Number of protein chains: 2
Amino acid sequence: MTTSREDVLRAAAAVLLHRPRTPMEDIARAAGISRATLHRMVPSRAALVRELAAFAVTQTRAALASARLEEGEPVEAVRRVVDALMPIADLYALLSGENQLVESTEPDGPWSELDGLLIALYRRGQEAGAFRLDLPAEWFVDALSSMLVGASWAVHDGRLARRDAPRALVELLLGGIRRGQS
Amino acid sequence: MTTSREDVLRAAAAVLLHRPRTPMEDIARAAGISRATLHRMVPSRAALVRELAAFAVTQTRAALASARLEEGEPVEAVRRVVDALMPIADLYALLSGENQLVESTEPDGPWSELDGLLIALYRRGQEAGAFRLDLPAEWFVDALSSMLVGASWAVHDGRLARRDAPRALVELLLGGIRRGQS
DNA sequence: CTTCAATGAGACATCACTGTCTCACATGAG
DNA sequence: CTCATGTGAGACAGTGATGTCTCATTGAAG
């Protein structure tokens, strides 16, 4: 009964997001393997963290691709983004600026590419007259990121039902960014 | 030239929020004191963390009190809350569920009291017809918390101007929670 | 059945961090 | 000026985490 590398990464992400100081022994346990096996998979803690970051980038890129940001109404595109990112919110959270588990993603690295896709979506929405002009696109990305993390935590803590989370998030976010409110 | 205890706590909060694994030596440096002096102030790392938590509770309680949650229009009360919490967003972030630096704040501890004040505000807004009925009050608190953290980070990283942050946050939040949008 | 690869348990050495302590220096008050 | 207090630098011992490695066990394939 082999635990897949991906399962290990997912488990590591979840436990490290919640407790960044978790020892390797406990990370391995959380993934259902022994510490020796974990060390066979990755040469060091630092390497695990780097691999986690790369995995998170890959998963996020795929999620954003599946959300097809350039297609259709910007409002619907935001809905699709949230639906796509919710299942990987914990991985996504590792990449967002708030979590320094992953040290200093480089300014021109994969993260800024992904960030740029979301900024472009917001700007498309502004040009289409759907989104507010007075809020910076960067804030849209930050707000989305932080609410994804927040919703993920709320679900994790049982404060929000898993099936309600996407809707709660998207309603609040869209309500906040849509034009024509004041 | 003595660094006040509060300054040390503030600096420690900021650095630990960003890098939970920061060694005591680096925490002390960030606070402008030596490690020996830090150890004279607190007997251990665990004690520092406990004191930080208590300080965060005190500061948050004071901020919420200054925001006068029960007075006037719920919308204006939310504005006051954001204005009051922004300057202490990093301390507040230590208390919010997202950050396990402070391990497991007890269910009936000070945090749930503060949480309860915000929940009561949202419910007051619902009853007054100002806030949406379909979003849970708990989600309001989670969204506020996570956006406070997100905005604080955006400012820290230079993505959002410090003077624009409160407005960006409150506009998005209020836009999302107000009634009569759809 | 045998063989092979993967895995877990556990031992061990090393290292970073932590807490403790001493001593020299700096600063402020009288 | 002296004295008292606070501080920083640095040494040291202890601890927990980390990485490395060996050996026994397990499970799957042929």
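Below, chain A is the first sequence line, B the second, and so on; all start at residue 1. Below, each value reflects all heavy atoms present in this structure, side chains not excepted, and no hydrogens, waters or symmetry copies. On a predicted model such as this, the values are computed, not experimentally measured, just so you know.
Atom-to-atom, CG of A:Leu48 to P of D:dA17 comes out at 16 Å; the value is rounded to the nearest Å. Per the geometry, CE belonging to A:Met41 stands 17 Å off C1' belonging to D:dT18, to the nearest Å. C:dA6 atom C1' lies 14 Å from atom CZ of A:Arg5, rounded to whole Å. Here the P atom of nucleotide D:dA17 and the CZ atom of A:Arg45 are 10 Å apart, to the nearest Å. Between the C1' atom of D:dA9 and the CD atom of B:Glu25 lies a distance of 10 Å, rounded to the nearest Å. Remark: P of D:dG16 and CZ of B:Arg21 are 16 Å apart, rounded to the nearest angstrom.
Between atom CG of residue A:Leu64 and atom CZ of residue A:Arg61 there is a gap of 9.5 Å, rounded to the nearest 0.5 Å. The CG atom of A:Leu17 sits 5.5 Å away from the CG atom of A:Leu94 when rounded to the nearest 0.5 Å.
Within residues 29-39 of chain A, the residues approached by DNA chain D to less than 4.0 Å at the level of any non-hydrogen atom are A:Arg35, A:His39, in residue-number order.
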Yes or no on salt bridge (charged side-chain N to carboxylate O under 4.0 Å, His left out) for B:Glu71 and B:Arg80, after CA distance, side-chain angles and deciding distance?
-> CA-CA 10 Å; B:Glu71 293 183 20; B:Arg80 294 196 301 269; 5.2 Å; no

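Contact annotation: side chain of A:Arg40 to base of C:dG8, donor-acceptor pair present below 3.5 Å.
Contact check on A:Arg123 versus A:Glu138 returns a salt bridge, with a Lys/Arg side-chain nitrogen under 4.0 Å from an Asp/Glu carboxylate oxygen. In summary, A:Arg132 and B:Glu171 engage in a salt bridge, as defined by a charged side-chain N under 4.0 Å from a carboxylate O. Under the 4.0 Å criterion applied to side-chain N and carboxylate O atoms, B:Arg79 and B:Glu76 are assigned as salt-bridge partners. Salt-bridge annotation for A:Glu25 and A:Arg29: present, with a side-chain N of the basic residue lying under 4.0 Å from a carboxylate O of the acidic one.
If one axis is set at each end of the helix from C:dC1-D:dG30 to C:dG30-D:dC1 from five pairs, those axes are 30° apart, to 10°.
Below 30°, between 30° and 60°, or above 60°: for B:His18 and B:Trp153 the angle between ring planes is between 30° and 60°, a tilted geometry.
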